[in-house]
Protein chains: 2
Amino acid sequence: MSTAARTGPRRERARAATIAEIKDTARALMRESGTVDVRFSDIARAMEMTPPALYRYFADRDDLLSALIADAFDDLARAVAQARDSVPADDLPARWVAAARGYRGWARREPQQFALIFGLPLPGYSAPEDGPTTEAAQRAMAQLAALFGEAIRHGILTPPTLRDVDPALELCAVAKGEDLGGVLPPETFQAMLHAWNSVHGFTCLEAYGHYDWMEPAAREAFFLSQVRLAALNAGLPAP
Amino acid sequence: MSTAARTGPRRERARAATIAEIKDTARALMRESGTVDVRFSDIARAMEMTPPALYRYFADRDDLLSALIADAFDDLARAVAQARDSVPADDLPARWVAAARGYRGWARREPQQFALIFGLPLPGYSAPEDGPTTEAAQRAMAQLAALFGEAIRHGILTPPTLRDVDPALELCAVAKGEDLGGVLPPETFQAMLHAWNSVHGFTCLEAYGHYDWMEPAAREAFFLSQVRLAALNAGLPAP
DNA sequence: AGTGTTCGTTAAGCCTCGTAACGGCGTGAC
DNA sequence: GTCACGCCGTTACGAGGCTTAACGAACACT
């Protein structure tokens with residue numbers, strides 16, 4: 001920004017590279033340690049710098065963590081979108097499966113990042129503007145809602161298993177629908193969230209090792225059955 | 001134990017009380033701070049003791065955390081069982097709803113404890129004997145399995161929505177079924193896990209604030225619809 | 001070349017974890 | 001009753017982390 005004008009883009013690029021390196025190092029350390037805790041000094045050590053140097057780039061540990069959370073949002077959204085787009089745009093059931101696969105696969109590959117987004121929120125974090133905590137939910141729902149909107153437009157969406165919707169939830173559905181850009185029928189909105197719940201539930205449990213007792217092949221099949229069931233309940237043609 | 005014989009039960013009781021107070025204080029601090037992180041020195045301060053005194057009771061912070069995790073297991077299991085038993089033993093659909101309510105209610109009341117059990121596992125923790133990490137899954141499944149076993153014995157269980165089960169998963173089902181005491185039909189086992197996934201998914205999302213955008217009344221109705229859908233899919237009579 | 005900004009360093013303060021060494025108190029033995 | 005022992009809590013201490021302050025080197029722009 002204004003700094004670039006005064007100091008030229010040369011430094012800006014170096015600075016951006018350093019910031020990226022810090023975040024990458026932090027992520028690498030999180031992967032190694034298996035925790036979301038990351039010591040500032042360890043990052044510095046890994047980068048062969050001294051800890052105070054990092055304060056030129058991040059105000060404090062929380063600031064770095066916030067940046068990592070924001071990155072995780074983007075990365076998850078990107079992974080899901082990419083998985084979804086890897087199948088033909090007109091095969092919506094397959095797109096649903098692919099998106100769910102993307103969600104789950106990302107969580108499996110990056111359990112710490114997933115925990116950063118969907119775990120117990122960090123104390124001071126949800127403060128800034130309406131809580132980015134719920135931004136995770138926002139984005140996940142937006143992707144799903146878009147898919148269901150497409151299904152409706154294609155005329156392939158049949159009524160969901162559960163057709164009655166509580167009036168209170170119906171209100172939320174239209175409000176959220178406007179937020180998301182396209183209003184879905186309340187029972188579809190409800191079914192969409194049911195689908196998300198079940199995929200998210202499996203994903204959490206698996207990512208944190210609670211399904212380790214299941215053979216990989218069985219887990220794979222089980223996951224698929226869960227995704228198919230969710231589609232079925234939501235009125236999406238059986239994938 | 002042997003200590004009691006040498007020093008009398010008097011001291012044992014005092015020691016047990018102190019241990020309980022430490023754990024209670026830790027839980028209280030976790031509730032206050034909203035985190036699962038808890039400083040040894042803060043506990044000591046709150047108890048008007050000096051930090052080193054705590055080492056008489058717990059080898060280190062991880063040891064205390066392990067105890068807290070074990071307690072959380074027990075507390076969640078107790079909460080679910082109590083909720084389940086608060087409705088007549090012969091109304092199994094209602095028992096399912098009550099158990100799910102208990103699960104979700106406990107997570108809402110004690111998000112930190114819930115995170116302790118079902119969050120990203122602590123690095124060194126899952127080591128001791130086959131990982132108590134999965135013990136959470138074990139107990140949750142055991143309660144569910146017992147309920148479905150009852151439903152079969154009562155002859156009220158209809159086939160689940162999804163009747164085909166992958167052979168690999170089928171193998172896991174019988175193995176786990178033996179672990180759990182009573183083998184369920186594979187398709188019911190699968191459906192049971194589907195039900196758990198969806199309830200767990202909602203519970204996680206809600207406990208960590210990702211459903212805060214939904215009005216309480218709507219959330220309540222939505223939760224119930226999720227639980228009813230899960231029952232339906234599993235072949236339990238509609239609650 | 002000169003000036004000001006950026007970046008990284010060292011030095012230092014505060015806090016936490018965890019250990020070690022010490023003293024008080026109740027318990028059980030003689 | 002006294003003595004020895006074990007338990008409990010204390011103070012003292014060292015290692016290491018976060019964070020700020022003060023300093024110096026490298027760089028960019030004039």
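Since this is a predicted model, take the numbers as computed values, not measurements. Order of the sequence lines sets the chain letters (A, B, ...), proteins ahead of strands, with each chain counted from 1.
Per the geometry, CZ belonging to B:R61 stands 17 Å off P belonging to D:dG16, to the nearest Å. The interatomic distance linking A:M49 (CE) with C:dT10 (P) rounds to 12 Å, in whole Å. Taking atom CZ of residue B:R56 and atom P of nucleotide C:dG26, one finds them 17 Å apart after rounding to whole Å. One can place OH of A:Y55 at 17 Å from C1' of D:dA22, the figure rounded to the nearest angstrom. For B:R45 and D:dG9, the CZ to C1' distance is 17 Å, given to the nearest whole Å. If you take CG of A:L54 and C1' of D:dA21, they are 17 Å apart, rounded to a whole angstrom. Atom CG of A:D60 is separated from atom C1' of D:dA21 by 17 Å (rounded to the nearest Å). D:dC29 atom P lies 12 Å from atom CD of A:E12, rounded to whole Å.
The residue A:F58 sits apart from the nucleic acid: no heavy atom pair falls under 4.0 Å. Using a 4.0 Å heavy-atom distance criterion, A:S41 is classed as a sugar-phosphate-only contact.
Judged by the 6.0 Å and 45° rule, A:R104 forms no cation-pi pair with A:F202.
Residue B:R11 places its side chain closer to D:dG6 than to any other of D:dC18, D:dG6, C:dT16. For A:P51, the side-chain atoms get nearest to D:dT19 when compared with the rest of D:dT19, C:dC25, D:dG17. When distances are taken from the side chain of A:A53 to each of C:dG8, C:dT5, D:dC18, the shortest belongs to C:dG8.
In terms of modelled atom types and a separation under 3.5 Å, the side chain of B:R219 and the main chain of B:Y211 share a donor-acceptor contact. Although no hydrogens or angles enter the test, the distance criterion places a donor-acceptor pair under 3.5 Å between the side chain of A:Q143 and the main chain of A:A77.
Mapping B:P52 and B:R15 onto DNA chain D by nearest heavy atom places B:R15 at the nucleotide closer to the 5' end.
A salt bridge links B:R139 with B:D74: the distance from a Lys NZ or Arg NE/NH1/NH2 to an Asp or Glu carboxylate oxygen falls below 4.0 Å. With salt bridges taken as basic N to acidic carboxylate O contacts below 4.0 Å, none links A:R27 and A:D75.
The phosphate of D:dG9 has neither OP1 nor OP2 within less than 4.0 Å of any side-chain N or O from B:T50.
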